[in-house]
Every structure is written in C-alpha cells, then in structure tokens.
Amino acid sequence: MFKLVTDTKLLDSVETLIGSEITSNPIQHVRIKPPSAILDDRENRAHFTSTDWHQDRAVVLEEADRTRMVTCWLAVTDATVENGCLRVVQGSHRGEMMPHCPNPQLGIPNELINHSAAIPIPVKAGSGILFHPLTIHGSLPNMTSDVRWSFDLRYNVTGDPTGRPMFPNFIARSRVAPQSELSNPNEWRRLWERTRTRLSNNAPVQIHRWSPDATPCA
Ligand SMILES: O=C(O)CCC(=O)C(=O)O
Ligand SMILES: [Fe+2]
C-alpha cells in the first residue's frame with residue numbers, strides 16, 4: 001500500500017493538479033465490493049453496495065473546506081457499469097458544497113441531484129480517475145458474480161488541513177524540502193497503529209459536520 005500511495009507516476013499526475021508539495025491525506029479506502037446477490041437485503045454500507053451521491057469535501061471536517069485536494073480512484077479490477085463503477089455529475093466541481101444527510105450513508109438528497117448530467121465512468125484495471133473535492137460522485141451496485149475492487153486515495157497541498165486531524169498524514173512529495181518526504185513504510189504503519197490504539201480507547205470521534213435533523217434530511 002505504501003508503494004502505491006507514494007508511486008512516482010501517481011504523484012506526477014497529482015502534481016499537475018495541486019503542485020509539488022503533496023501530503024498523503026489519511027482518508028483512504030480499499031473497497032472490495034462483493035456481488036449484490038450475496039449481500040444481506042439490509043446491507044447499505046458504501047464499501048459493500050452502491051455509494052450514494054456525495055462530494056468528498058463533505059466527508060471531512062469544516063476546517064478543510066478550502067483545502068486543495070484531489071481524489072484518486074484506482075481500479076484494481078475492471079470497473080464496469082455492471083459491477084458498480086464510479087459515476088459523476090458532470091460539471092459539478094464548479095458548483096457549491098451541497099447539503100448532505102447522514103442516514104444511512106452520508107449523501108446528498110436525491111432530489112437535489114441533476115440526474116441528466118450524471119454519467120458512469122467505467123475504467124480498466126490499472127486505470128485511475130482523478131477528481132475535485134466538489135465533484136458529485138457515487139457508484140453503482142455490483143450486479144455481476146465477481147468482486148469489484150478499487151482503492152481511493154487522496155492528496156492535499158502540504159500545510160492545508162486534511163479534514164481528519166485525528167488520523168496520520170505524511171509528506172509524499174516535496175520539491176522544496178525533499179528530506180521531509182516519508183520513505184519508510186514501517187513508520188507509516190506505526191503512525192496508524194498508534195492512532196488505532198489512541199482512538200479505540202476513547203469515545204468515537206466526529207468525522208463530518210452533518211446532522212440527520214437538518215431540513216433537507218427530513
Ligand atoms: O467506489 C465507490 O463506491 C465510491 C468511491 C468514492 O466515493 C471516492 O472515491 O471518493
Ligand atoms: Fe467519495
């Protein structure tokens with residue numbers, strides 16, 4: 001995972017979008033989406049079934065509202081319309097932050113989505129999709145009998161808040177101070193292990209700002 005997160009070609013692409021001072025944002029997921037047919041009918045978690053429409057800026061704390069960030073969605077298996085590829089609302093990155101509701105997934109109420117601008121983005125294994133934190137996106141359910149596997153990683157400009165201050169970030173690339181780059185995967189592992197110990201011994205932490213009581217969620 002560390003090799004992937006610090007991959008030169010990936011960071012080169014990220015650099016074209018946010019510049020050379022790049023922090024590995026700690027909001028990172030492995031999504032191994034099983035066939036819908038084998039899921040419990042009540043399953044509604046995003047990592048297992050379709051992902052509701054949302055903006056990645058909304059899944060962070062308000063402190064990161066101005067953070068220059070990019071999401072890199074990487075296909076491990078071919079991602080197709082049938083197996084639950086990513087989909088986006090075209091042009092939505094030019095819009096505003098939309099209201100999000102936390103139940104059951106954190107998502108934008110369906111009636112606020114411009115469905116006529118929504119398109120699926122199938123990609124081949126080994127390909128990636130890079131998108132803006134305001135891009136409205138989600139994913140389809142996996143209607144095939146195979147697993148759909150992807151990673152989603154995020155990077156932000158070093159010094160901008162990550163939006164998850166309780167999780168560890170690290171400098172993945174710096175042209176200004178190359179010695180500040182983390183190169184030891186074991187150090188990354190230790191940072192996460194310490195975080196897990198600290199968080200699991202305390203009350204759950206708040207990771208976003210949205211309340212189920214807000215008007216659009218009624
Ligand atoms: O792959 C998915 O189901 C959703 C991915 C996503 O929301 C993201 O990469 O930010
Ligand atoms: Fe997302």
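All values below come from the heavy atoms of this structure, side chains included, with hydrogens, waters and symmetry mates left out. Just so you know, residue 1 is the first one in the sequence shown, and it goes up from there. Each ligand, and each atom within it, is numbered from 1 in the order the structure gives.
Take the Fe ion (ligand 2) and draw a sphere of radius 2.8 Å; the protein N/O/S atoms inside it number 3.
Summarising the geometry of Gly84 relative to Ser139, their closest heavy-atom pair is O-CB, 3.8 Å, with the distance given to 0.1 Å. In terms of heavy-atom proximity, Pro34 sits nearest to Leu39 at CG-CD2, 3.8 Å. Contact record, Leu153 with Met1: CD2-CE, 4.4 Å, taken as the closest heavy-atom pair.
Residues of the protein with a heavy atom under 4.0 Å from ligand 1 are Arg31, Thr51, His54, Asp56, Thr71, Trp73, Leu86, Phe131, His137, Ser139, Arg148, Asp152, Arg154, listed by chain and number.
Leu10 is listed as a side-chain neighbour of Tyr155, based on a closest heavy-atom distance under 4.5 Å.
For an aromatic pair to be called close, the ring centres must be under 6.0 Å apart, and His137 with Phe131 satisfies this. Ring centroids of Phe167 and Trp192 are separated by less than 6.0 Å, placing the two rings close together.
Judged as a side chain to side chain contact (heavy atoms under 4.5 Å, CB included), and not counting sequence neighbours, the contacts of Glu82 are Thr80, Thr144. With sequence neighbours excluded, no residue forms a side-chain hydrogen bond (donor to acceptor under 3.5 Å, both in side chains) with Ser13.
The closest side-chain donor-acceptor pair between Glu63 and Thr67, if any, does not fall under 3.5 angstrom.
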